Amino acid sequence: MAYTTENNQSGLMAKAVKEGIFAGLIAFGMFLLFVGIETYQDINNQLVWRTRWGLLAVFVAVAAIGRFVTVGFIKPHLDSRKLAKAKSGVLEISDEKGFFRTHFLKIALVFLLCYPFLAMLIFGRQGSLKYVDNFGIQILIYVMLAWGLNIVVGLAGLLDLGYVAFYAVGAYSYALLSAHFGFSFWLLLPMAGILAGLWGIILGFPVLRLRGDYLAIVTLAFGEIIRLVLINWTDVTRGTFGISGIEKATFFGIWSFDAGAPNNFAKVWGLPTSSVYYKMFLFYIILALCMLTAYVTIRLRRMPIGRAWEALREDEIACRSLGINTVTTKLTAFATGAMFGGFAGSFFAARQGFVSPESFVFLESAVILAIVVLGGMGSLTGIAIAAVVMVGGTELLREMEFLKHVFGPDFTPELYRMLLFGLAMIIVMLFKPRGFVGTREPTAFLKERKAVSGSFTKEGHG
Amino acid sequence: MTTGTTTMTKDSILKVERLSMKFGGLMAINDLSFEAKRGEITALIGPNGAGKTTVFNCITGFYKPTMGMITLSRDNGKEFLLERLRDFEINKVAGVSRTFQNIRLFSGLTVLENLLVAQHNVLMKASGFTILGLLGLPTYKNAAKAAIEKAQYWLEMADLVDRADDPAGDLSYGAQRRLEIARAMCTGPELLCLDEPAAGLNPKESLTLNTLLRAIRDQGTSLLLIEHDMSVVMEISDHVVVLEYGQKISDGTPDHVKNDPKVIAAYLGVEDDEVEEIEEKLDKGIIEEGTV
């Protein structure tokens with residue numbers, strides 16, 4: 001017995017060494033020209049080259065040692081753990097969940113409700129600004145946008161690459177209507193939603209016959225059309241200059257957050273002047289809007305219309321054979337998703353006090369869609385987690401001053417945000433191809449509610 | 001006068017008249033006329049490529065026929081011209097539902113949800129087109145409860161109660177076939193069209209299918225089915241229509257069709273002149289009908 005294990009051990013080591021050397025050789029071959037040789041311009045503006053053997057050696061060593069450790073230690077360790085689990089007879093699929101997991105949503109909600117106060121307690125009045133605004137509000141806007149897009153992409157299975165257009169419609173509705181007519185935030189919030197919903201229907205009509213890639217291209221074009229109209233219709237939108245000085249939201253007209261107003265919130269309550277109250281107020285508004293989105297989505301899923309959306313994602317032809325009008329079903333999906341985009345847009349305008357076409361580029365659509373896919377299409381919890389990871393992660397990059405010591409003083413971490421975003425997506429998709437939450441909660445049940453594995457659900461064809 | 005009406009007591013639910021369907025230069029159906037009687041199981045059979053599924057797709061609105069008229073008369077006396085209705089209206093307004101040759105279930109939804117989706121139009125009305133339902137009014141709650149009861153009834157009929165909360169994609173092939181039929185029945189149709197319901201079933205599953213189809217007929221729903229499996233066709237159908245190259249070659253009771261030399265020729269591939277020969281012999285009485 002002892003002999004065989006020893007024999008195994010030495011065999012394993014030999015294999016690890018062999019694979020390590022092999023990986024090193026491949027790394028050497030791959031990086032020889034990329035890393036080992038560098039070209040640059042000398043003083044005479046001539047292109048010359050020099051070698052970087054040291055750096056190349058580091059790359060090769062990392063590859064070789066990494067492979068050696070993986071094969072020699074990490075993999076056997078994982079295998080033995082799996083074996084032990086299989087021997088113990090306990091299946092990995094168990095319904096036992098920890099306290100944290102079963103009460104995750106309640107804990108998250110309580111945390112979010114306390115979050116601004118916690119931030120103020122820990123970081124002080126001015127210090128908390130960053131945490132409430134950059135992290136809290138920013139993430140929640142994306143959560144709301146992604147939840148809105150989730151209705152179109154995750155439930156109805158219609159791939160929409162131009163979602164940011166509705167966000168823009170909402171934002172400009174608020175900016176223009178408040179500037180021209182002086183309507184308040186609370187009146188314009190629903191109006192912006194309705195206008196965006198209307199645009200959702202307008203987009204929906206021409207694309208009803210399209211599916212899959214074709215639908216994606218046309219929605220992409222729609223997003224660009226809206227942006228280009230905003231840039232070029234200078235009489236109304238002031239083009240690339242954008243619209244500034246947008247009125248702030250008020251506390252239902254009772255208190256204002258304008259510094260000069262007599263009913264200023266801080267003055268009325270005798271608090272020291274600070275912009276943090278407005279940010280906190282905005283945080284609660286967007287939190288409430290997110291909750292509204294989640295509530296409506298959850299309720300709609302249990303309605304015939306929500307089930308029809310999901311059925312549409314699964315099989316459109318079968319839907320028609322069951323007497324479901326797929327035209328109105330698709331249009332309602334577009335309109336509902338767009339409406340939440342419009343709410344988020346008007347909130348965005350109120351928060352920034354400034355809107356310009358810069359904020360509504362295709363990249364935003366892509367980020368929102370990435371959050372939906374990463375979170376697990378259709379799952380609200382998964383999408384919220386994905387938004388925290390993706391948006392919070394990129395915000396966090398700005399904070400990482402210490403990276404400057406590693407990569408030199410010219411290094412600006414924000415510039416690498418998209419690179420890291422992509423890298424993170426690839427890693428998540430490798431390990432969780434169906435997103436963070438790949439299962440689907442059924443909307444009705446006879447005896448017990450069992451989550452539907454992601455391998456049965458479809459992504460939709462358009 | 002009255003004695004001759006014994007066979008005419010059943011009026012027709014579906015009347016197909018002079019139906020033609022052209023795909024480019026190909027005549028898939030050529031001047032086809034037949035009737036399906038109320039409360040009967042009508043089978044549409046024929047060799048591969050005879051145009052059975054095309055007829056089906058014309059009836060259920062997936063194709064618009066080049067020519068011809070498809071009339072459906074409902075129990076309440078209303079008549080609908082199916083070729084003029086939009087695809088989803090054929091189910092919603094005219095009460096015709098169908099299944100597919102390659103099963104089309106909502107595989108990511110549970111079995112129960114599949115049956116609830118089928119009751120979309122009823123629930124939609126009860127929920128006041130979602131608005132009243134969002135407010136949580138009792139009308140929708142009651143309708144939802146009734147919908148689950150109806151689904152449960154059909155789950156029992158299709159022997160799927162134990163699998164109600166499993167994803168539809170997780171069911172075995174035979175169970176998926178039964179679920180598709182149950183789902184079609186949940187729309188409350190007067191005519192159920194089945195496209196090869198027994199395809200890929202083993203003999204035992206085939207038998208349970210027969211029982212299910214008979215039970216559906218006895219409840220008052222008429223059936224129209226395409227089938228290759230002769231054991232199913234001959235066993236359960238009241239009336240058989242045989243197609244070949246888009247044309248009707250025989251029409252009658254299973255026994256009549258079984259012994260029709262044209263049908264045999266179509267299925268076994270007899271030369272054309274040989275068919276004429278046999279027909280001649282039949283006419284002269286050299287061989288008796290039924291022995292061929």
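Residue numbering restarts at 1 for every chain, and letters A, B, ... go by the order of the sequence lines. Treat the numbers as computed from the prediction; the structure is a model and nothing was measured.
Judged by a 6.0 Å distance limit and a 45° cone about the ring axis, B/R98 is positioned over the six-membered ring of B/F62.
Within residues 317-325 of chain A, the residues having any heavy atom under 4.5 Å from a heavy atom of chain B are, by residue number, A/I317, A/A318, A/C319, A/R320, A/S321, A/L322, A/G323, A/I324, A/N325.
Two rings, from A/F334 and A/F166, have their centers 6.0 Å or more apart.
With a threshold of 4.5 angstrom between heavy atoms, B/E180 does not approach chain A through any atom at all. In this structure, chain A has no heavy atom under 4.5 Å from any part of B/V93. Of the atoms belonging to B/N121, it is side-chain heavy atoms, and not backbone ones, that fall under 4.5 Å from chain A. Contact of B/R86 with chain A is made through the side chain alone, with heavy-atom distances under 4.5 Å. Proximity to chain A (any heavy atom under 4.5 Å) is restricted, for B/L155, to the side chain, taken from C-beta onward. Contacts of B/L109 with chain A are made by both backbone and side-chain atoms, with heavy-atom separations under 4.5 Å.
Between B/E113 and A/R440 there is a salt bridge, with a side-chain nitrogen of the basic residue lying less than 4.0 Å from a carboxylate oxygen of the acidic one.
Within the 4.5 Å cutoff, the side chain of A/E441 has heavy atoms near those of the A/R301 side chain. The shortest distance between side-chain heavy atoms of A/T219 and A/L158 does not fall below 4.5 Å.
Remark: the backbone N or O of B/L171 is paired with a side-chain donor or acceptor of B/Q176 at under 3.5 angstrom. No donor-acceptor pair closer than 3.5 Å links the side chain of B/S97 to the backbone N or O of B/T187. Side-chain atoms of B/E83 never come within 3.5 Å of backbone atoms of B/P65 as a donor-acceptor pair (strictly under, hydrogens ignored). Not one N or O on the side chain of A/K330 forms a donor-acceptor pair closer than 3.5 Å with the backbone of A/G204.
In this structure, B/D195 CG and B/L224 CG are separated by 9.5 Å, a value rounded to the nearest 0.5 Å.
Of all the listed residues (B/D166, B/L112, B/D165), the one sharing the greatest number of non-hydrogen pairs under 4.5 Å with chain A is B/D165. Comparing B/K92, B/H120, B/Q152, B/R183 by heavy-atom pairs within less than 4.5 Å of chain A, the highest count is held by B/H120.
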